[in-house]
Amino acid sequence: MNKIALSLGTNIGNTVANMHRALLSLSQLPHVRPGLISSAYITAPVGYADQNDFLNLCCFVETDLPVEQFHRYTKQIEADFGRIKTIPNGPRIIDIDLLFLSSRETVETDTLLIPHPRLFERAFVLAPLSEISDSDTVYGNSLSECLRTVIQSQPIAKADRLLFGNLMNQFVNHTL
């Protein structure tokens, strides 16, 4: 059973509804069991700045699927949302990135790199991931040290908990 850390982000349309729908889609995938989910965070865009702020969170899932097949499922969820890649780091209705495997395996294919190549450079990944990771050290890097470094140039704020109600429990218990 693979335990996979994911990062989800959205900045087009109703971002709260997008996040709910993406989590629901993940929870309904075959051979996938939802795990812990972080708080949601509001973050300024990184890279291409001329766009709305993002809503981001991280979560874990467990699956017995090969990681490449699970990755194809996440790309299909993005396609089902109507995601079209236009500008690198540009606006997106939903983005689902595979960050790392709990086994600390590395994966390198034409379409997938694990660990995610920018995992330790993004506050919008490090802050929510730090909430739910069972270890501060991932692939030899301290999440808290990396976050202290990047947060100075990448402001981040927790989203209003009321926006998400009991989302964490619903995702973990498959009741979305």
Side-chain angles (χ1 to χ4, degrees), residues 1-10 19-20 22-29 31-44 46-47 54-75 77-78 89 94-109 111-159 161 163-164 166-176:
M1 192 64 93
N2 279 326
K3 185 174 175 184
I4 304 172
L6 304 173
S7 173
L8 285 74
T10 174
M19 198 64 76
H20 276 270
L23 289 168
L24 176 63
S25 296
L26 285 168
S27 73
Q28 293 177 339
L29 289 174
H31 304 280
V32 173
R33 190 177 81 188
L36 293 177
I37 180 175
S38 72
S39 300
Y41 288 81
I42 307 292
T43 60
V46 175
F54 279 83
L55 184 66
N56 295 96
L57 60 78
C58 287
C59 65
F60 283 101
V61 298
E62 289 185 4
T63 182
D64 56 6
L65 296 170
V67 69
E68 294 86 358
Q69 183 176 357
F70 178 76
H71 182 245
R72 284 192 297 274
Y73 280 144
T74 64
K75 294 301 133 194
I77 291 170
E78 291 178 356
N89 299 315
I94 196 67
D95 183 39
I96 304 171
D97 287 333
L98 281 64
L99 300 174
F100 67 88
L101 306 173
S102 62
S103 64
R104 305 302 193 249
E105 289 176 66
T106 59
V107 176
E108 187 171 344
T109 70
T111 59
L112 179 62
L113 283 174
I114 295 179
H116 191 284
R118 289 172 300 287
L119 166 63
F120 303 106
E121 302 169 4
R122 306 289 199 230
F124 64 80
V125 171
L126 293 165
L129 189 57
S130 294
E131 282 185 19
I132 60 172
S133 183
D134 58 0
S135 173
D136 183 59
T137 303
V138 176
Y139 292 93
N141 293 283
S142 165
L143 297 176
S144 57
E145 286 179 26
C146 292
L147 179 59
R148 273 194 297 277
T149 300
V150 300
I151 203 154
Q152 296 178 28
S153 61
Q154 298 173 30
I156 186 167
K158 274 191 182 178
R161 190 82 172 145
L163 289 175
F164 286 91
N166 208 13
L167 187 60
M168 178 184 289
N169 291 335
Q170 292 172 342
F171 185 65
V172 171
N173 295 316
H174 314 270
T175 59
L176 284 169

Heavy-atom donor-acceptor pair, Thr10 side chain to Met19 backbone, under 3.5 Å: no

For Gly47 and Asn89, work out which heavy atoms get closest and say how close. CA-ND2, 4.2 Å

Can you confirm whether Ile156 sits close enough to Asn56 that some side-chain heavy atom of one is under 4.5 Å from a side-chain heavy atom of the other? no

Check whether any side-chain heavy atom of Pro115 lies under 4.5 Å from a side-chain heavy atom of Val138, and answer yes or no. no

Rounded to the nearest 0.5 Å, what's the gap from CG on Leu6 to NE2 on His116? Could you check? 11.0 Å

Please report the shortest heavy-atom distance between Met1 and Asp64, naming the atom on each side. SD-N, 3.6 Å

Apply the test side chain to side chain contact (heavy atoms under 4.5 Å, CB included) to residues Arg72 and Thr111: give CA-CA distance (whole Å), side-chain angles for both, the deciding distance (0.1 Å), then the verdict. CA-CA 9 Å; Arg72 284 192 297 274; Thr111 59; over 6 Å; no

I'd like to know if the side chain of Glu131 and the backbone of Ser39 have a donor-acceptor N/O pair within less than 3.5 Å. yes

Which atom pairs, one a donor and one an acceptor, fall under 3.5 Å between side chains of residues 118-130 and the rest of the protein, sequence neighbours left out?
unit_1	atom_1	unit_2	atom_2	d
Ser130	OG	Leu126	O	2.7

Measuring from atom CG of Leu57 to atom NZ of Lys158, what distance do you get when rounded to the nearest 0.5 angstrom? 12.5 Å

List in chain and number order the residues that pass side chain to side chain donor-acceptor pair (under 3.5 Å) with Thr63, two or more places apart in sequence or in another chain; answer none if no residue qualifies. none

Which pair of heavy atoms, one from Tyr139 and one from Arg104, lies closest together, and at what distance? CE2-O, 3.1 Å

Testing the basics here: between Ser144 and Asp136, what is the closest heavy-atom pair and its distance to 0.1 Å? N-OD1, 2.9 Å

Thr149: partners by side-chain contact (heavy atoms from CB on, under 4.5 Å), with sequence neighbours left out: none

With side chains defined as the heavy atoms from C-beta onward, is the minimum distance between Leu26 and Leu8 less than 4.5 Å? yes

What pairs of donor and acceptor atoms, side-chain ones from residues 96-103 against any protein atom, are under 3.5 angstrom apart with sequence neighbours left out?
unit_1	atom_1	unit_2	atom_2	d
Ser103	OG	Glu105	N	3.4
Ser103	OG	Glu105	OE2	2.9

Can you check whether Tyr73 reaches Leu65 side chain to side chain, under 4.5 Å on heavy atoms? yes

Leu29 and Phe70: side chain to side chain contact (heavy atoms under 4.5 Å, CB included), yes or no, with the steps? CA-CA 9 Å; Leu29 289 174; Phe70 178 76; 3.8 Å; yes

For Glu62, side chain to side chain donor-acceptor pair (under 3.5 Å) partners two or more places apart: Arg33

Between Pro34 and Val61 the two heavy atoms that sit nearest each other are CA-CG1, 4.3 Å

Correct closest heavy-atom pair for Cys58 and Ile132 would be O-CD1, 3.6 Å

The side-chain contact (heavy atoms from CB on, under 4.5 Å) partners of Thr137 (sequence neighbours excluded) come to Ser135

Roughly how far, to the nearest 0.5 Å, is NE2 of His71 from CD1 of Ile114? 7.5 Å

Drop me the distance from Leu147's CG to Gln152's CD, to the nearest 0.5 angstrom. 10.0 Å

So do Ile42 and Leu55 actually touch side chain to side chain, heavy atoms under 4.5 Å? yes

